[in-house]
Amino acid sequence: MTAAILSPLGEHLLNRMLEEPTCPGEACEGKNPGRQGCDEDARTLKPATGNPAVLQLRYSEECQAVWAKIEHGGKGDLVTVEVSGGTKRAAEINYGDDQYTPMVHVGDGEFEVTACAVPKAGGAGTYEYYCIHGTEATAWR
């Protein structure tokens with residue numbers, strides 16, 4: 001039983017039962033938003049674009065963190081998220097066509113964040129590099 005609770009799935013299930021994130025604030029830095037329960041209250045910025053790859057920013061006010069997600073990318077493509085004056089995180093699509101970054105701490109006040117979809121150089125990508133920007137005042141949905 002102890003091994004099940006300590007596994008990533010066990011940790012995820014325990015977080016769901018507690019219905020609270022396990023890492024509010026700086027403790028969320030670099031962690032997986034789903035495993036920490038931060039995706040429960042997350043709101044999304046998903047602007048309409050002409051690119052086939054869909055880029056979105058996710059923000060959890062309770063966790064004081066953001067992360068970026070790419071959909072319809074290709075193997076080797078990157079998704080990045082960077083807080084102005086703060087940390088930058090990236091994640092590569094290793095299989096499938098979606099990926100999200102680890103979380104970046106934004107604090108409990110004003111912030112500016114940029115997420116970018118970066119096609120693999122020489123890859124089979126069907127989109128061009130592009131970025132989206134958000135702040136604490138963005139119309140998150």
Side-chain angles (χ1 to χ4, degrees), residues 1-49 51-141:
M1 172 110 169
T2 303
I5 291 174
L6 296 177
S7 73
L9 178 58
E11 180 183 349
H12 177 74
L13 293 173
L14 183 60
N15 292 343
R16 296 286 185 215
M17 290 187 304
L18 297 174
E19 295 186 18
E20 290 184 13
T22 60
C23 68
E26 290 182 23
C28 290
E29 182 68 44
K31 294 188 177 174
N32 180 310
R35 288 187 183 152
Q36 302 303 314
C38 295
D39 57 348
E40 290 297 309
D41 77 318
R43 296 177 289 153
T44 304
L45 171 63
K46 187 175 176 179
T49 67
N51 265 320
V54 177
L55 181 61
Q56 58 184 271
L57 272 167
R58 309 273 337 260
Y59 169 50
S60 168
E61 188 172 357
E62 190 171 336
C63 290
Q64 300 175 5
V66 296
W67 60 96
K69 181 178 180 182
I70 186 173
E71 298 173 333
H72 311 297
K75 186 175 181 179
D77 292 352
L78 293 176
V79 58
T80 66
V81 63
E82 182 174 13
V83 174
S84 293
T87 305
K88 181 176 183 175
R89 298 280 176 182
E92 181 178 335
I93 298 175
N94 292 315
Y95 57 90
D97 61 3
D98 301 341
Q99 183 61 275
Y100 58 90
T101 66
M103 292 185 285
V104 176
H105 173 66
V106 293
D108 190 21
E110 295 180 6
F111 65 85
E112 290 182 40
V113 62
T114 301
C116 297
V118 184
K120 178 181 178 180
T126 58
Y127 67 95
E128 294 185 22
Y129 174 99
Y130 76 104
C131 299
I132 58 176
H133 307 278
T135 70
E136 77 290 339
T138 294
W140 302 93
R141 299 181 194 270

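Remember, predicted model here, so these are calculated numbers, not experimental data. What you see below is based on every heavy atom in this structure, not just the backbone, and it leaves out hydrogens, waters and symmetry mates. By convention here, the first residue in the shown sequence is residue 1.
Other residues, nucleotides and ligands contribute only 12 or fewer heavy atoms inside 6.0 Å of the CD atom of E128. In this structure, E136 places its CD atom where more than 12 heavy-atom neighbours from other residues, nucleotides or ligands lie under 6.0 Å away. The local environment of CG in D108 is sparse, with at most 12 non-hydrogen atoms from other residues, nucleotides or ligands closer than 6.0 Å.
The backbone N or O of E82 lies less than 3.5 Å from no partner atom in the side chain of T114, so there is not a single donor-acceptor pair.
When all heavy atoms of A90 and T80 are compared, the closest pair comes out as CB-CG2, 3.8 Å. Nearest heavy-atom pair, A65 versus V106, reported as atom, atom and distance to 0.1 Å: N-CG2, 3.9 Å. Of all the heavy atoms in Q99 and I93, the pair that sits closest is CB-CG1, 3.6 Å. Scanning all heavy atoms of the two residues, the minimum distance from K75 to N94 falls at CE-O, 3.5 Å. Considering every non-hydrogen atom in both C38 and W67, the closest pair reads O-CH2, 3.6 Å. Scanning both residues, P119 and D77, for their nearest heavy atoms gives CA-OD1, 3.4 Å.
Summarising the geometry, atom CG belonging to D39 is positioned 9.0 Å from atom CE belonging to M103; distances are rounded to the nearest 0.5 Å. Here the CG-CG distance, from L45 to L55, works out to 8.5 Å after rounding to the nearest 0.5 Å. Between the OG atom of S84 and the CD atom of E110 there is a distance of 12.0 Å, given to the nearest 0.5 Å. Considering CG of L78 and SG of C116, their distance stands at 10.5 Å, rounded to 0.5 Å.
In this structure the side chain of V113 never reaches within 4.5 angstrom of the side chain of V104, judged on heavy atoms. You'll find the side chain of E92 stays beyond 4.5 Å of the side chain of K120, heavy atoms only. Considering only heavy atoms from C-beta on, T44 stays 4.5 Å or farther from R141 through its side chain.
The stretch residues 75-113 participates, sequence neighbours left out, in these ring pair (Phe, Tyr, Trp, His ring centres under 6.0 Å) pairs: Y59-F111.
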* To do: Dump the intermediate steps for side-chain contact (heavy atoms from CB on, under 4.5 Å) on K46 and K69, then the final yes or no.
  => CA-CA 10 Å; K46 187 175 176 179; K69 181 178 180 182; over 6 Å; no
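Under the salt bridge (charged side-chain N to carboxylate O under 4.0 Å, His left out) criterion, E29 pairs with R89, sequence neighbours left out.
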